[in-house]
Amino acid sequence: FMKDRDPAGTVEETRKPAGSGELRDGEVIQVEQVSKVFQSPMQGKVIALVDINLSISYGEFVTVVGPSGCGKSTLLKMIAGLTPISSGRILYQGAEVRGLNTKVGYVPQESKLFPWLTMEENVAFGLDSRRFSKEEREGRIHHFIKLAGLEGFEKHYPSQLSGGMSKRASIIRALVYEPAVILMDEP
């Protein structure tokens with residue numbers, strides 16, 4: 001689903017199914033009448049989003065396009081449960097998002113790697129030891145590190161990686177546990 005607003009304010013929408021995976025019936029994400037207002041000591045109320053409605057079905061690839069400061073990152077953070085909404089509601093697989101949505105992968109604008117962990121440890125951070133055996137975790141970590149072209153840098157700390165390497169590590173940290181949905185903010 002792509003929304004693009006031209007200078008006249010009209011909106012163009014295009015829906016395309018994702019190229020891989022089986023399409024399932026139903027909506028995976030529903031954003032219903034969502035608004036977000038921030039309180040700023042200097043500016044008072046800052047309205048970031050007003051009455052946003054969005055439905056995303058299984059298998060769709062969605063891009064949110066807009067000018068800087070229009071609320072794209074705020075919307076993604078609300079779907080991920082990192083930022084509370086001011087009004088409306090967000091549903092993920094039919095359940096209301098109330099707090100951290102651990103069923104989605106989230107890649108922020110900045111890499112946000114933990115500086116005290118190696119790249120390998122950062123990638124492994126989201127893997128649940130109750131869900132994956134030690135061998136499965138190590139296999140997944142190695143597979144995604146290799147896939148991202150980061151072999152040989154596993155024991156390096158974020159300060160020892162280039163900006164692009166840090167970004168790739170951040171992306172594979174979201175991919176390694178294979179969530180059904182990945183929210184990427186300016187990947």
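No experiment lies behind these values; they were computed from the predicted model shown. In what follows, residues are counted from 1 in the order of the sequence shown.
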field: Side-chain heavy-atom pair I172, I145 within 4.5 angstrom cut-off
entry: yes

field: N122 side chain vs S170 backbone, donor-acceptor pair below 3.5 Å
entry: no

message: Please check: side-chain N/O of D185 versus main-chain N/O of V107, any donor-acceptor pairing under 3.5 Å?
response: no

message: According to ring-ring contact (aromatic ring centres under 6.0 Å, His included), who are the partners of H142, at least two apart in sequence or on a separate chain?
response: none

query: Distance from S35 atom OG to I52 atom CD1, nearest 0.5 Å?
result: 7.5 Å

message: Suppose the criterion is salt bridge (Lys or Arg N to Asp or Glu O under 4.0 Å): which pairs have a residue in residues 36-52, not counting sequence neighbours?
response: none

- prompt: Got a sec, which residues hit side chain to side chain contact (heavy atoms under 4.5 Å, CB included) with E110, two or more places apart in sequence or on another chain?
  reply: K112

query: Should side-chain heavy atoms under 4.5 Å link Ile, Leu, Val, Met, Phe, Trp and Tyr, which residues sit in the same cluster as Y157?
result: none

Residues in ring-ring contact (aromatic ring centres under 6.0 Å, His included) contact with F38, at least two apart in sequence or another chain: none

message: Is there a continuous path of hydrophobic side-chain contacts, each under 4.5 Å between heavy atoms, that joins L100 to V28?
response: yes

- request: List in chain and number order the residues that pass salt bridge (Lys or Arg N to Asp or Glu O under 4.0 Å) with E32, two or more places apart in sequence or in another chain; answer none if no residue qualifies.
  value: R89

- line: Taking every heavy atom of L117 against every heavy atom of F125, the minimum-distance pair comes out as CD1-CD1, 4.1 Å

field: For the student: nearest non-hydrogen atoms of I29 and I79, plus distance
entry: CD1-CG2, 3.9 Å

task: For the pair M78 and L49, evaluate side chain to side chain contact (heavy atoms under 4.5 Å, CB included) and give the outcome as yes or no after the intermediate values.
output: CA-CA 11 Å; M78 291 189 305; L49 297 168; 3.4 Å; yes

- line: Residues pairing under salt bridge (Lys or Arg N to Asp or Glu O under 4.0 Å) where one sits in residues 153-166, two or more places apart or in two chains, turn out to be E120-K155

query: How does the hydrophobic cluster around V37 look, that is, which other residues are in it when side-chain heavy atoms under 4.5 Å mark a link?
result: I47, V50

field: With sequence neighbours excluded, residues passing salt bridge (Lys or Arg N to Asp or Glu O under 4.0 Å) with K134
entry: none

task: Just jot down the salt bridge (Lys or Arg N to Asp or Glu O under 4.0 Å) partners of E96, sequence neighbours excluded, or say none.
output: R98

message: Once rounded to the nearest 0.5 Å, what's the spacing between atom CG of L175 and atom CE of M184?
response: 6.5 Å

field: Hydrophobic cluster partners of L91 (side-chain heavy atoms under 4.5 Å)
entry: none

V104 and P179, any side-chain heavy atoms less than 4.5 Å apart: no

- line: Between the OH atom in Y92 and the NZ atom in K103, the distance rounded to the nearest 0.5 Å is 7.5 Å

task: State the OG-CD distance between S86 and Q39, to the nearest 0.5 angstrom.
output: 9.0 Å

message: For the OH atom of Y58 and the CD atom of E27, what is their distance to the nearest 0.5 Å?
response: 10.0 Å

query: When rounded to the nearest 0.5 angstrom, what distance separates NE2 in H156 from CE in M119?
result: 8.5 Å

field: Pairs touching residues 157-183 that satisfy salt bridge (Lys or Arg N to Asp or Glu O under 4.0 Å), sequence neighbours left out
entry: R140-E178

